[in-house]
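All remarks here apply to the structure that follows.
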Amino acid sequence: MLDSSDIDITQSFAVLPEPTRLDKVVAHSQEIFQTGSWEQVPWRFGNQEYWLKLNIKNHSNNARALVLRFDNPMLDKLTIYRFNHTNTLEEIKHLGDLQTDLSRLEYAMPHYNLLLSGSESQKILVAIHTSGISKTPLTIHELGAFEQLNRNAFSLWGVFVGVLLMTAVYNLILYFSIRDRVYLVYVGYILSVMILLGIVLGYGFYLWPIHWQLYFHHQVIISNYAIAITTIGFCIMFLRYHKDKDSAYRIAVRYLQLLIILCFISIFIPENYAAPLFFTTMPGLYIICFWLIYKKLKSGFRWAKFYILSWLPLVCSAAVQPLELTGVLQYSYLTRHAFLFGSLLEIALMALALADRVRYQRKQALYHATHNNDSGLLNYTTLSQRVESLQKRNRPFSIGIIYMRSFGGLQSVLNVEQSNNLLRNVANNLADNVDELNCFNVVHHSDEKIVELSGGCLAFIFPYHARSVINQKLLHLLARLDTQFEIDTLTLHAEYQMAVIESLSPDHSVKQLVEQACHNLQKSTMLHSSVQYLDHNEEPKPNQLALAAKLQQAMNKGELRIFYQPQVDLDTLQVSGAEALLRWPEQQHRHFTVENIIQLAEQVGLINDLTLWVINTVCQDIAAQGDAWRSHSVSVNISAKDIHIDDFAQKLADMLSYHDIAPSQIKLELTESALVDDIQALKALIARLAELGVRVVLDDYGTGYSSLEYVLEYAFCELKIDKHFVLSMAQSTHHQAIVRTTINMAHNLGLLVTAEGVETQEVAALLREYRADKGQGYLFAKPMPLNDYQHWLAHHRSQH
Ligand code: C2E
Ligand code: MG
Ligand code: MG
């Protein structure tokens, strides 16, 4: 610091209880001054006067330029008296913030230039008056060293203020974009720290007008309160207590209010009272903040780690200042700047904590957007997004949907938590067993594969394979799944059913297909675990458009035909009616089935016209029979899309009256899969038709897995068991069971039952045994043109 080899320095000091005049001090100098290093001065708060004395002698012949540096820019008043070797007062210099005519450097770094000529000795007396922090470390430097010290201090301050300002601006911008007030509190904290350190270290004189800085000096305790208030505010808001509004929040807010009140009071009381008062509030602040942090940590708050770390430098560096002021710690460059370094570190850690918090909140938001809140399983949106991305990349895939039979029924006995637990267990079990299918992950950065759909259905996506390849694996999967689940003390027996939706083109409504599959699974009456493949309509290909045009022409030119297939009473073998089936003779030999024609008509929007054409043709045919067909009814197949024909029932009624046909002479057959469409519209239509006297039959029963109970909601009068079950009845006891049960249940519900696909006497016999009402099938007759049918009918009647 100072090359003292050629210089003699004697330091002494005196602490006087009240302001004393210079002449008195000089006169009693022997009694009142105590020789000793200035480091021993017992600085403390309060209205005292400190006198420091320096006797200095230059032994060399060279002049020495020295600087006395008073490291306390907060001094109120400091007076320097310089005496020459004859004890004559040569100069008086006033420093301290009560002075109004000092340079910025004299304010920021109070100092006094001392020029010693060769062999000169001088005496310096320094009087220090302050009502605040009095500690004024006094050091002697060579002029060059002092200037170097200043340059170092300016660099450090520059970096510190620069970092703080940038952080404050950045967080202010964040506040305006995120609108989370915690950023504003953080900016407040940064500014408070910047102002306080500007006062304590003195750089504030370079930041804003001198009179502002002098005002801040006067109110230094306010900036201390500002730090305390923003600290507790940040703690509350960062940890989101303002959202909980619990007792901890209320206590913290009370304390905050207390600090604000004390801060206000401090403006009006002297600093030597205000400062100790402020320091007594500090333990409370620490206790409350640590309590808030502890409570959140206990409840599993994970993003708080940087915030907790940020307290370390604060607590450590905040302790240094009082320890230094009270003399426990030695004054040094490091202790003087401890709070600066501590705050810098703390503010950086707080910024990291905020960033961590945003990251965590974003993760949480993403989690809530992709998961069902109750079960914690992935939601439907994730499935549809994954499907979309696979479609974009032309990756063929299938969606498997699984349903635990009886899950719907269990809902009434389990509470919400139990049924969510059950669903989670089923999903976990499923996830453990789908390896063989190489399922796709549904969301990025997670290996979750199971999605929860409505009503307890679970879905997963896997690469597309032909049914023959995949079916075995799916059956394996079903077989491997747990068949028992424990919910509390209840053991539940589980059976599953599965639906597979195969590779979809981007034009298909995944939602609709998934809903349909879920609906089918939930309504399924299948008694054993099974896999069903959900057919979806292929998009019309270019050559199909040409075909559709041909179909339209054929319809207009009368090239389409209606064939009739009789329906026979199984007991009496009387013919009760016939089913009208569409034929397009020109396409017949080209492996183009009636189903294909109907599908095409549905895709291109021709189906309504086609249906009306069929009904009209059938009406003509019936009318042509006159009274012969009065007790004979013809069933016409209608498509799900016909439900929406404008005023369909009225159109039908008009056709009947035009052709003078009784409503009982016609029936409409609606295939089971149409039931999932617009339920309300369908119910209304069936009710309206019933009013007219036109009966509606549920066709292909068993393909759509509707429960009979569900069917009952619609006013069907009759049910046709799908030929799939009937054809194989003789070979499959399982199908026999299904047919028998269906007949029994349908009868109990007051429905007539027709079995289609009766090809053998054996099956007819079984159906009779099961008391089916009517049969339709090749055993009796294949579908045939009207003329042939008339002949067949005449022949049949003559025989029975
Ligand atoms: P569907 O309404 O279930 O008609 C019964 C189908 O079973 C008819 O096939 C019939 O030929 C066939 N079938 C009847 N008995 C037997 C049998 O013993 N063995 C076998 N293997 N098959 C038998 P088709 O005529 O090929 O019609 C197929 C489907 O096309 C119909 O099934 C119906 O859903 C639809 N369809 C036919 N005509 C129309 C129509 O005019 N409009 C609408 N919307 N759909 C129609
Ligand atoms: Mg039919
Ligand atoms: Mg059928």
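Note that ligands are numbered from 1 as they come in the structure, with each ligand's atoms numbered from 1 the same way.
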Salt-bridge contact Lys720-Glu756 (side-chain N to carboxylate O under 4.0 Å): yes
Minimum-distance pair of heavy atoms, taken over all atoms of Leu751 and Asp773: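 Taking Leu751 first and Asp773 second, the nearest heavy atoms are O-OD2, 4.5 Å.
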For Met655 against Leu612, the heavy-atom pair lying closest together: CE-CD2, 3.8 Å
Residue part near ligand 1, for Ile598, under 4.0 Å between non-hydrogen atoms: side chain
Under-4.0 Å heavy-atom contact with ligand 1, by part of Arg583 that carries it: side chain
Any heavy atom of [X] sitting closer than 4.0 Å to ligand 1?
{"X": "Val614", "value": "yes"}
{"X": "Lys782", "value": "no"}
{"X": "Glu579", "value": "yes"}
{"X": "Asp700", "value": "yes"}

Under 30°, 30 to 60°, or over 60°: which ring-plane class applies to [X] and [Y], parallel, tilted or perpendicular?
{"X": "Phe460", "Y": "Phe462", "result": "tilted"}
{"X": "His796", "Y": "His800", "result": "tilted"}
{"X": "Trp629", "Y": "Tyr564", "result": "perpendicular"}

Distance to 0.1 Å, residue and atom name: give those for the protein heavy atom nearest to [atom].
{"atom": "atom 31 (C) of ligand 1", "result": "Leu581 CD2, 4.2 Å"}
{"atom": "atom 15 (N) of ligand 1", "result": "Gln565 NE2, 3.0 Å"}
{"atom": "atom 22 (N) of ligand 1", "result": "Tyr778 OH, 3.3 Å"}
{"atom": "atom 38 (N) of ligand 1", "result": "Leu582 N, 3.1 Å"}
{"atom": "atom 26 (O) of ligand 1", "result": "Val594 CG2, 3.6 Å"}
{"atom": "atom 11 (O) of ligand 1", "result": "Pro783 CG, 3.4 Å"}

Does the side chain of [Y] come within less than 4.5 Å of [X]'s, by heavy atoms?
{"X": "Leu383", "Y": "Leu378", "value": "no"}
{"X": "Val697", "Y": "Thr754", "value": "no"}
{"X": "Ile638", "Y": "Val614", "value": "no"}
{"X": "Glu769", "Y": "Arg740", "value": "no"}
{"X": "Glu759", "Y": "Lys723", "value": "no"}

Sub-4.0 Å atoms of ligand 1 with respect to non-hydrogen atoms of Asp699: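 Near Asp699, meaning under 4.0 Å from one of its heavy atoms, ligand 1 has 1 (P), 2 (O), 3 (O).
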Backbone or side-chain N or O of Leu727 under 3.5 Å from ligand 1 N or O: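 Between Leu727 and ligand 1, no N or O pair is found under 3.5 Å apart.
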Heavy-atom nearest neighbour of atom 6 (C) of ligand 1 within options Glu759, Lys723, Glu756, Glu595: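 It is Lys723 whose heavy atom sits nearest to atom 6 (C) of ligand 1.
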Proximal candidate to atom 45 (N) of ligand 1 [heavy atom criterion; set Asn637, Leu668, Val758, Asp722]: Asn637
Per-atom contact, atom 18 (O) of ligand 1, protein heavy atoms, under 4.0 angstrom: yes
Aromatic Phe648 / basic Lys651 pairing, under 6.0 angstrom, 45° off normal: no
Residue and atom names of protein N/O/S atoms that fall under 2.8 Å from the Mg ion (ligand 2):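 Listed by chain and number, the atoms are Glu579 OE2, Asn637 OD1, Glu669 OE1, Asp699 OD2.
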Flag if over 12 foreign heavy atoms under 6.0 Å of NE2, His476: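 No, NE2 of His476 has 12 or fewer neighbouring heavy atoms, counting only those of other groups under 6.0 Å.
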Over 12 foreign heavy atoms within 6.0 Å of CD, Glu436: yes
